[in-house]
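Just follow the structure's listing: the first ligand is 1, and inside any ligand the first atom is 1. Count residues from 1 along the sequence.
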Amino acid sequence: MSSQRTFEYWKEQAASLSINGQAFINGQSVDAKSGETFETISPIDGRVLANVASCDEADVNEAVKLARAAFDSGVWSQKAPAERKQVLLKFADLIEANQEELALLETLDMGKPISDALSADIGGTLRAVRWTAEAVDKVYDEIAPTSENEIGMITREPVGVVAAIVPWNFPMIMASWKFSPALAMGNSVILKPSEKSPLTAIKLGQLAKEAGIPDGVFNILPGFGHTAGKALALHMDVDTLVFTGSTNVAKQLMIYAGQSNMKRIWSEAGGKSPHVVFADAPDLDLAADAAAAAICFNQGEVCTAGSRLLVEDSIYDEFMEKVRQSLGKWKAGNPLDPETNVGAIVDEDQLNRVLSFIEKGKEEGANLTVGGNRVELAEGGYFLEPTIFEDAQPHMSIVKEEIFGPVLSVIRFKTDEEALQLCNDSIYGLASGVWTNNLTRAHRFAKGIKAGMVWINEYDQGDMTAPFGGYKQSGNGRDKSLHAFEKYSEVKATWIKI
Ligand code: NAD
């Protein structure tokens with residue numbers, strides 16, 4: 001049904017949408033204690049969508065106290081996994097029933113195309129909640145191989161109060177990768193969405209209550225990083241802090257943990273992922289389409305964006321012609337139009353940041369072959385042409401730094417050794433892709449690339465069944481799959497003498 005909606009339909013829905021900007025604490029929609037709010041502005045046309053509660057330390061203290069009380073009461077933490085599963089499945093059903101409103105909020109708040117919000121963001125969130133709910137009553141504890149007169153039980157227990165701080169690029173999905181396993185394990189959760197995209201998180205809090213998640217177990221605290229985020233990270237009674245966002249903030253959170261209660265910090269941070277195309281790629285057209293999608297999807301605001309394209313010298317001209325053509329199919333437009341595949345950049349700051357990298361790329365001598373300009377639409381907003389820099393060099397800032405926009409840096413290589421060295425020449429290690437028909441080469445790269453994810457002859461695939469996360473300064477721990485449960489539980493050894 002949703003796929004048949006028109007541009008007109010979405011504009012009408014947007015105009016009539018009533019948006020709640022309150023925090024959600026202990027099962028209630030509340031203002032920040034200070035009464036402060038901040039405006040959340042749509043990058044599509046610059047209009048104010050809502051005044052959102054600006055939570056700070058006082059709200060964090062209240063939410064943590066109530067989350068702890070809920071945890072200690074056992075109302076959720078001591079439910080059987082099968083019971084928590086039923087509630088989470090109902091939560092997923094409610095997300096599905098409200099998918100149009102949630103997708104619209106996501107598009108209005110951070111600018112992504114409505115068709116992606118429905119398919120990728122709603123689809124990914126539903127899959128995260130449902131898969132995790134279905135998994136949690138199939139996770140067994142262990143018995144240690146002890147001597148005959150002893151039993152050693154190895155059990156997992158929920159950690160207690162989990163704070164989740166998430167970014168704006170996939171607000172619902174990033175949140176659901178955290179709160180699904182955290183709640184499934186029995187923890188109480190405090191979710192702080194990005195100040196740039198708080199609206200869907202607020203709605204999710206309300207739906208969670210409707211599904212039967214008890215008061216105090218799932219709380220939403222909109223606010224800024226330096227107020228609400230910092231207070232959560234320094235709080236003495238938050239047991240675990242899970243984070244997705246930039247590497248700089250991830251490092252800061254580790255300092256806060258050291259300054260407070262040594263809370264566990266798990267972070268999914270930045271990336272500058274290499275995408276390698278060899279002359280023996282099975283299909284150069286497919287590889288070119290993948291290279292374009294890897295930098296254009298979600299306006300390039302993707303931690304796993306294939307932002308460093310490494311192309312074998314012998315096919316460089318032929319292949320780059322295909323990439324330029326494929327990139328031409330990605331065009332910035334109003335994201336409420338279901339035909340649009342490149343939406344708005346999240347805000348003016350981010351637009352200016354990306355434009356400043358484009359200037360740097362020119363100054364450093366890379367060859368700007370496609371795009372490079374702001375796109376002016378009648379509605380205003382922050383739009384950008386997908387951009388390609390060719391003949392980039394490893395030392396350039398457009399190759400080294402995460403731009404987080406639709407800007408592709410292309411480097412030529414001649415040998416396997418050179419390509420592998422280029423892949424690993426980064427402080428990051430999140431994702432990577434390699435196109436080759438040579439099995440040995442594919443395995444050599446899969447083993448040799450220092451990254452949490454390697455795609456062979458495809459790019460940016462994934463599912464809840466496999467872990468997601470990075471090496472090096474791309475973070476620690478893993479979201480998704482059964483591995484995610486490790487972040488939300490403590491392991492206990494109990495010895496019994498017989
Ligand atoms: P960001 O680090 O600026 O902000 C992320 C969150 O941290 C926000 O909620 C923000 O309010 C909060 N924050 C900021 N300063 C804080 C502080 N001092 N204390 C506590 N919280 C603070 O990142 P962003 O701009 O929202 O998102 C883009 C970044 O996220 C990129 O680097 C991208 O690669 C990364 N990201 C990584 C993954 C992954 O899984 N590895 C996924 C998506 C995005």
Would you kindly specify which portion of [X] sits under 4.0 Å from ligand 1, judged on non-hydrogen atoms: side chain, backbone, both or neither?
X: F170; value: neither
X: L253; value: side chain
X: T247; value: neither
X: N248; value: neither
X: K196; value: neither
X: M174; value: side chain

Atoms of ligand 1 close to [X] [distance to a heavy atom under 4.0 angstrom, numbered from 1]:
X: N169; result: 43 (C), 44 (C)
X: Y256; result: 18 (N), 19 (N)
X: K230; result: 19 (N), 20 (C)
X: V166; result: 6 (C), 8 (C), 9 (O)
X: T244; result: 5 (C), 36 (N), 37 (C), 38 (C), 39 (C), 40 (O), 42 (C), 43 (C), 44 (C)
X: V249; result: 2 (O), 13 (N), 14 (C), 15 (N), 16 (C), 22 (C)
X: P167; result: 24 (P), 26 (O), 27 (O), 44 (C)
X: L430; result: 41 (N)

Do the side chain of [X] and the main chain of [Y] share a donor and acceptor less than 3.5 angstrom apart?
X: D45; Y: G381; answer: no
X: N261; Y: M236; answer: yes
X: K272; Y: K400; answer: no
X: N219; Y: G216; answer: yes
X: R156; Y: Y488; answer: no

Quick one: does [X]'s side chain get under 4.5 Å of [Y]'s, heavy atoms only?
X: K203; Y: L102; value: yes
X: V242; Y: W177; value: no
X: S307; Y: I295; value: yes

Contact with ligand 1 for A233, non-hydrogen, under 4.0 angstrom: no

Non-hydrogen atom of W177 closer than 4.0 Å to ligand 1: no

Pair K230 + E57: basic N to acidic O under 4.0 Å: no

Sub-4.0 Å protein heavy atom next to atom 9 (O) of ligand 1: yes

Could you pull out, from [options], the option with a heavy atom nearest to [atom]?
atom: atom 5 (C) of ligand 1; options: W168, F224, F404, F243; value: F243
atom: atom 13 (N) of ligand 1; options: G225, G245, A164; value: G225
atom: atom 32 (O) of ligand 1; options: M453, H226, E402, K480; value: E402

Over all atoms of both residues, closest heavy-atom pair of L234 and S260: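 Looks like O-CB, 3.2 Å.
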
Distance-only N or O hit between ligand 1 and F468, under 3.5 Å: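 No - when backbone and side-chain N and O of F468 are compared with those of ligand 1, no distance drops under 3.5 Å.
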
Interatomic distance, I173 atom CD1 to K480 atom NZ [nearest 0.5 angstrom]: 8.5 Å

Stepwise ring pair (Phe, Tyr, Trp, His ring centres under 6.0 Å) check, F389 with F357: CA-CA 11 Å; F389 278 105; F357 270 108; over 10 Å; no

Protein contact of atom 20 (C) of ligand 1 - nearest heavy atom, named by residue and atom, plus distance: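 Sorting protein heavy atoms by distance from atom 20 (C) of ligand 1 puts G229 C, 3.2 Å first.
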
